[in-house]
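Beneath this line is the structure, given in structure tokens, with notes to follow.
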Protein chains: 2
Amino acid sequence: MNVTIKDIARLAGVSYSTVSKALNDSPLVKTDTRRRIVELARQLGYEPNLAAKSLVSRRSMTVGVLLPSLERVALSALVGRINDALATRGYEVILSILPPTSAIRLFQRLQVDGIVVFEDITPEARHVETVTTDIPVVSIGASHLVGSRFAVVDVRRKDALREAVRYLAGLGHKRIAYIGDARESDSKQQEKVAGFMEGAFACGLSAGDAFVLNSGGNTWRHGYDAGRRLLELDGRPTAVITGAFDVTAGLLRAALDGGLRVPDDLSLVSYDHIPQLAELDVPVTAVGAPVDAFGERIAEALLDIMADSGPIRRETHLDAVLEERASAVRFPG
Amino acid sequence: MNVTIKDIARLAGVSYSTVSKALNDSPLVKTDTRRRIVELARQLGYEPNLAAKSLVSRRSMTVGVLLPSLERVALSALVGRINDALATRGYEVILSILPPTSAIRLFQRLQVDGIVVFEDITPEARHVETVTTDIPVVSIGASHLVGSRFAVVDVRRKDALREAVRYLAGLGHKRIAYIGDARESDSKQQEKVAGFMEGAFACGLSAGDAFVLNSGGNTWRHGYDAGRRLLELDGRPTAVITGAFDVTAGLLRAALDGGLRVPDDLSLVSYDHIPQLAELDVPVTAVGAPVDAFGERIAEALLDIMADSGPIRRETHLDAVLEERASAVRFPG
DNA sequence: CTGAAAGCGCTTACAG
DNA sequence: CTGAAAGCGCTTACAG
């Protein structure tokens, strides 16, 4: 059997309510007593029973994160940040890879205080039956979940892509390609494509000079494959904007393997704003919401709606930031 | 506020203990009453409070899985199987990517009934302080966790690799390479290398004819990179054994991209026994513990030690199975 | 500053 | 077959 506050109380010769207070840093207990109790708890390897705590306090101090997989680097990074941000506020984070409906049900039973949903990777999930819940939910982008206490935190993707085009055009590039997942089923990917097109139009590029190469997905291998196709292209662009970190990594590898010099032969700007972009073979210029801020804002949004007990809906859109690195230069370089 | 059994009881005009029994399919309650209560619960969207359940029943019906990431396909597949196997027995599975010490502490607080640990991917974790727990733990391979109720479930990797060599030698191949993560820090990878060497020795291959190409890691890109190196090799092997699914996928792509025909120019056998191997560009012969059985055995081992209340330690080693597919043929083909 | 009491939502003997 | 009671481990007014 596990150690309980009653065990500690018996050994310390106090009542167990005093132990409870001591362990929760209540000012109501004498410093001396508290120290003794805390030390005893440590020695006994006491871990509070979250079930009991949550039952009486009506909060579990637990947040559930529903995610499709950890296959994308940028996603793993973001989950890590969310975890850190919530841990700072004393929340535990648990993950589930169950289908949305089951995951939400599990989270309800566990009485989590909040839920974070990544819709991003599973467009199929849209077909899943709608789940309604009173638990505060933060969704990254839109969601099929209908909650009465609901926030969307998202990145201004369009602006990000527009900014990337403007930046490269400003460096004198006239032929620019967007390479990323351009499947129509995923609205977020479509936003990036739209932003790219708008940016190209605004910069006076013609349809022939600014074009989209659909990688068909956002993994390393999609990027690598797209990179190989890029190498064989007639009239290769002088600059490329990639739609996600893993695509960038794969494409960069393909380009370097193919004998292309980056940035000399090809300038590169990547969507996703994570430190890993600086650690690639060539440090890559990033555009997007910086992951630290992104994770922080997700955590904040969740804590916000958790603090509020009434129904609430809000949206936060993070501004894109472009961070210059060595991967893009003036053309002709 | 969420719906509780008291709410249901009031609306149904019965005591809440009757509701509890009805909802738990107790034979002590009249079929008629039960049906009425169950229907009412459904209508109200009742979800049982796991905290309360776990507090009184002393079991949470929850299993924690501690994993470093979901980056490897074979690992994701295995986690999925474990989840299914445990769900069948009524257990919920929650994941954590916290550092081992923190994850175990969280699982203790959540009062999970069992823990599954994947040591595999993080050799660094060995340096982490040892964690002792009374919660039943199943580790895939050895672990730095010291529990009093502990089981190891693992694959006979050596045998698997030996079998792969024997199979290819039996097909007439004389030059065979093992390509996979051969870093010395990871004992599991070392086992595969050792099995390969033993198999080569037993089949009478010389050191020049059977060699190891260290991919330096087990991801797709490690496999792809190794595949490119393979293409440039003088005296290329006629058959290759790869050490993990993602390595196989990357290497196969590199080989096909490089103009090599599989299996005509190169026979291929992959470690890891997952259905995804059949879905690659060329269906690949697998050797290892079939993932269904693997997941099932992990779940069984955990349920076993969970059923037993005393201290217990046991090891299960799964036999490797070789499943023939189109990727390997007789040499000269 | 400390302790006794009530109660969180549930299950499970026990009595009827 | 149904209900009243005790209790799981904890927190939190409330009394002292």
Side-chain angles (χ1 to χ4, degrees), chain A residues 1-38 40-41 44-62 90 92 107-113 134-135, chain B residues 1-38 40-41 44-62 90 92 107-113 134-135:
Chain A
M1 200 47 50
N2 274 318
V3 185
T4 72
I5 50 171
K6 291 191 182 172
D7 299 322
I8 300 175
R10 203 179 322 110
L11 291 168
V14 297
S15 77
Y16 67 86
S17 53
T18 299
V19 173
S20 171
K21 285 169 203 148
L23 260 20
N24 288 296
D25 283 326
S26 162
L28 290 176
V29 55
K30 225 194 326 185
T31 315
D32 199 45
T33 319
R34 176 162 50 71
R35 268 212 271 274
R36 202 155 47 85
I37 291 173
V38 168
L40 201 52
L44 295 172
Y46 170 75
E47 291 292 344
N49 183 327
L50 244 42
K53 258 189 133 101
S54 120
L55 198 54
V56 58
S57 68
R58 329 296 305 263
R59 22 198 313 211
S60 62
M61 295 307 282
T62 284
E92 308 283 0
F107 289 156
Q108 288 186 142
R109 294 175 169 205
L110 286 172
Q111 307 276 114
V112 299
D113 295 330
D134 285 336
I135 305 174
Chain B
M1 197 51 45
N2 273 318
V3 185
T4 72
I5 52 172
K6 289 190 181 169
D7 299 324
I8 301 176
R10 201 179 326 108
L11 290 168
V14 296
S15 75
Y16 67 86
S17 54
T18 300
V19 174
S20 170
K21 285 169 204 149
L23 260 20
N24 288 295
D25 283 326
S26 161
L28 289 176
V29 54
K30 223 192 330 182
T31 316
D32 201 44
T33 318
R34 177 162 50 69
R35 268 210 272 273
R36 201 157 45 88
I37 291 173
V38 168
L40 202 50
L44 297 173
Y46 170 75
E47 292 291 344
N49 183 325
L50 245 41
K53 258 191 136 100
S54 120
L55 198 55
V56 58
S57 67
R58 328 299 301 266
R59 5 192 332 204
S60 63
M61 295 308 281
T62 284
E92 309 283 2
F107 290 157
Q108 286 186 147
R109 294 175 168 205
L110 286 172
Q111 307 278 109
V112 300
D113 294 331
D134 284 337
I135 305 175

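So you know, we letter chains A, B, ... as the sequences are listed, proteins then strands, and number each from 1.
- What separates CD1 of B:Ile37 from P of D:dC1 is a distance of 13 Å, to the nearest Å.
- Of the two residues near DNA chain C, A:Thr31 and A:Ser17, the one whose nearest nucleotide lies more 5' is A:Thr31.
- Backbone-only contact: B:Thr33 has heavy atoms under 4.0 Å from sugar-phosphate atoms and none from a base.
- Computed from coordinates, the B:Leu110 CG to D:dC10 C1' distance equals 15 Å when rounded to whole Å.
- A heavy-atom distance below 4.5 Å is not found between the side chains of A:Arg58 and A:Gln111.
- Listed by first residue number, the stems of DNA chain D with at least three Watson-Crick or G-U pairs below 3.5 Å are C:1-3 with D:14-16, C:5-12 with D:5-12, C:14-16 with D:1-3.
- Toward the 5' end of DNA chain D, the nearer of the two residues B:Ser57 and B:Thr18, judged by each one's closest nucleotide, is B:Thr18.
- The interatomic distance linking B:Met61 (CE) with C:dC10 (C1') rounds to 15 Å, in whole Å.
- Following rounding to the nearest Å, A:Arg59 (CZ) and D:dT11 (P) show an atom-to-atom distance of 13 Å.
- A:Ser15 and A:Thr18 share a side-chain donor-acceptor pair at under 3.5 Å.
- When side chains are defined from C-beta on, A:Ile8 does not count as touching A:Tyr16, because their heavy atoms never get closer than 4.5 Å.
- Between the side chain of B:Asp7 and the backbone N or O of B:Thr4, at least one donor-acceptor pair lies under 3.5 Å.
- Side-chain proximity of A:Val29 to C:dT2, D:dC1, D:dC10: nearest is C:dT2.
- Sorted by residue number, the members of residues 19-26 of chain B with any non-hydrogen atom under 4.0 Å from DNA chain C read B:Ser20, B:Lys21, B:Asn24.
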Exercise for the section: Under the side chain to side chain contact (heavy atoms under 4.5 Å, CB included) rule, what do B:Arg36 and B:Val14 come out as? Steps first, then yes or no, please. Expected result: CA-CA 11 Å; B:Arg36 201 157 45 88; B:Val14 296; 4.3 Å; yes

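- A:Ser57 places a side-chain N or O within donor-acceptor distance of the main-chain N or O of A:Lys53, the cut-off being under 3.5 Å.
- For B:Ile8 and C:dC10, the CD1 to P distance is 8 Å, given to the nearest whole Å.
- Atom pair A:Arg109:CZ and C:dG9:P shows a separation of 17 Å (rounding to whole Å applied).
- Neither OP1 nor OP2 of C:dG9 sits under 4.0 Å from any side-chain N or O of B:Lys53.
- In this structure, the side chains of A:Asp113 and A:Met61 come closer than 4.5 Å at one or more pairs of heavy atoms.
- The distance from the CG atom of B:Leu23 to the OH atom of B:Tyr46 is 5.5 Å, given to the nearest 0.5 Å.
- For the pair A:Leu50 CG and D:dC8 C1', the computed distance is 15 Å after rounding to whole Å.
- At the phosphate of C:dC8, neither OP1 nor OP2 sits under 4.0 Å from any side-chain N or O atom of B:Tyr16.
- Here the CD1-CD distance, from B:Ile135 to B:Gln108, works out to 5.0 Å after rounding to the nearest 0.5 Å.
- Heavy-atom distances to DNA chain C give each of B:Glu47 and B:Leu28 a nearest nucleotide, and the one nearer the 5′ end belongs to B:Glu47.
- A sub-4.0 Å separation between OP1 or OP2 of D:dG7 and a side-chain N or O of B:Arg58 is absent.
- Rounded to whole Å, atom P of D:dT2 lies 9 Å from atom CG of B:Asp32.
- Side-chain proximity of B:Leu55 to C:dC10, D:dG9, C:dA4: nearest is D:dG9.
- For B:Ser15, whose side chain is taken as the heavy atoms from C-beta onward, the closest listed nucleotide among C:dC10, D:dT11, D:dA4 is D:dA4.
- With rounding to the nearest 0.5 angstrom, the CG atom of A:Leu110 is 9.5 Å from the OG atom of B:Ser54.
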